[in-house]
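Start at 1 with the first residue, then count along the sequence.
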Amino acid sequence: MISDAERKMQFLFSLRSRGVTNKRVLNAMEHVDRKKYIRGTFEERAYEDTPLPIACGQTISQPSIVALMTESLDVQPRDKVLEIGTGSGYQAAILSQLARRVYTVDRHSQLVRAARALFELEDITNITVFSADGSHGLPEQAPFDKILLTAASEDPPGPLLEQLRVGGIMVLPVGQSDKVQTLVKILKTEDGLTYHELRPVRFVPLLEGLGKENF
Ligand code: SAH
């Protein structure tokens, strides 16, 4: 039997071998234990580089994709970051290691409550979790230095582009659900928006409104 400690070492090794070289990102991923964000039968596979099922029919993303998205956002220590799609809370926990403040939103209140409880348990104090349709963003907290979507939309939602600071970066999967989507990085400058396509990805879709357990 190999121990969790050995599995964690293999986990970091496999991230490196998949091209994750950014030291700050690797450091953050070393500090956040993915196993804590996965409950039940799939815990066993927490250190594999694969997406896994979580509650509400959602998924925790593949670690090498979490790393790529985090690296692409170029998170700085003073940044205020918005994440749409809290899910397990894993990506938000990674961001919280690198940023000043993280706001994260999910349409499923069950996931929001579980993530909140987990952050409290882990003593993470710079994440605020909201239950809402994230495509409207969080106007009261705007503008954001960085915005990350972890659910795919056909187009970048307008309110989110508005809530991104000039000089800011947005990273999101663009495309229709169940088709191949493209991870896109958007830079907002004085002159407008520039788009860079990063790689094909597959995420759950960004859905309208709140999850049904909210009613
Ligand atoms: N970042 C997560 C993985 C997210 S899976 C992690 O690290 O585990 C995508 C999440 O997006 C799901 O939890 C889903 O409920 C959420 N989602 C989908 N559409 C949404 C919307 N319009 N607003 C907020 N959250 C949404």
Are any side-chain N or O atoms of [X] and backbone N or O atoms of [Y], one a donor and one an acceptor, separated by less than 3.5 Å?
X: Gln110; Y: His108; result: no
X: Arg34; Y: Ala46; result: yes
X: Ser61; Y: Val66; result: no
X: Asp133; Y: Leu210; result: no
X: Asp106; Y: Gly87; result: yes
X: Lys188; Y: Leu161; result: yes
X: Thr182; Y: Val184; result: no
X: Arg24; Y: Val75; result: yes
X: Thr86; Y: Gly89; result: no
X: Glu120; Y: Ala117; result: no

Same cluster or not: [X] versus [Y], using hydrophobic residues (I, L, V, M, F, W, Y) connected whenever any side-chain heavy atoms lie under 4.5 Å apart?
X: Val81; Y: Leu98; answer: yes
X: Val171; Y: Val201; answer: yes
X: Leu15; Y: Ile38; answer: yes
X: Leu73; Y: Tyr195; answer: no
X: Leu111; Y: Leu149; answer: no

Could you check whether any side-chain heavy atom of [X] comes within less than 4.5 Å of a side-chain heavy atom of [Y], counting everything from C-beta outward?
X: Arg101; Y: Asn126; result: yes
X: Leu172; Y: Pro156; result: yes
X: Glu83; Y: Met69; result: no
X: Asp33; Y: Glu122; result: no
X: Lys146; Y: Gln76; result: yes
X: Ser135; Y: Leu160; result: no
X: Pro157; Y: Leu206; result: yes
X: Arg199; Y: Ile65; result: yes

Walk me through it: do Ile54 and Tyr37 pass the test side chain to side chain contact (heavy atoms under 4.5 Å, CB included)? CA-CA 9 Å; Ile54 55 168; Tyr37 294 81; over 6 Å; no

Between [X] and [Y], which heavy-atom pair has the shortest distance, and what is it?
X: Gln97; Y: Ala28; value: CB-CB, 3.8 Å
X: Ile169; Y: Leu187; value: CG1-CD2, 3.6 Å
X: Val105; Y: Ala132; value: CG1-O, 3.3 Å
X: Val166; Y: Thr189; value: CG1-C, 3.8 Å
X: Leu183; Y: Pro173; value: CD1-N, 3.9 Å
X: Leu82; Y: Gly137; value: CD2-CA, 4.3 Å

In Å, rounded to the nearest 0.5 Å, how long is the span from [atom1] of [X] to [atom2] of [Y]?
X: Thr104; Y: Phe119; atom1: OG1; atom2: CZ; value: 6.5 Å
X: Ile127; Y: Arg116; atom1: CD1; atom2: CZ; value: 12.0 Å
X: Asp79; Y: Asp74; atom1: CG; atom2: CG; value: 8.0 Å
X: Gln176; Y: Gln181; atom1: CD; atom2: CD; value: 9.5 Å
X: Tyr90; Y: Met29; atom1: OH; atom2: CE; value: 3.5 Å
X: Glu208; Y: Ser153; atom1: CD; atom2: OG; value: 11.5 Å

Determine, step by step, whether Asn27 and Glu30 satisfy the side chain to side chain contact (heavy atoms under 4.5 Å, CB included) criterion, reporting the C-alpha distance in whole Å, the side-chain angles of both residues, the deciding distance to 0.1 Å, and the verdict. CA-CA 5 Å; Asn27 207 19; Glu30 190 175 350; 4.2 Å; yes

Residues, nucleotides or ligands: over 12 heavy atoms within 6.0 Å of Glu44 CD: no

Within a 6.0 Å radius of atom CD on Gln141, are there more than 12 heavy atoms belonging to other residues, nucleotides or ligands? yes

Kindly determine whether Gln10 and Ile2 satisfy side chain to side chain contact (heavy atoms under 4.5 Å, CB included), including the steps that lead there. CA-CA 11 Å; Gln10 283 177 1; Ile2 63 165; 3.9 Å; yes

Checking Thr128 against Phe130 for the side chain to side chain contact (heavy atoms under 4.5 Å, CB included) test, could you report, in this order, the C-alpha distance in whole Å, the side-chain angles of both residues, the deciding distance, and whether it holds? CA-CA 7 Å; Thr128 314; Phe130 290 95; 3.8 Å; yes

When you check the side-chain N and O atoms of Gln91 and Thr70, is any donor under 3.5 Å from an acceptor? yes

Of Arg16, Arg18, Arg7, which is the lone residue that meets salt bridge (charged side-chain N to carboxylate O under 4.0 Å, His left out) with Asp49? Arg18

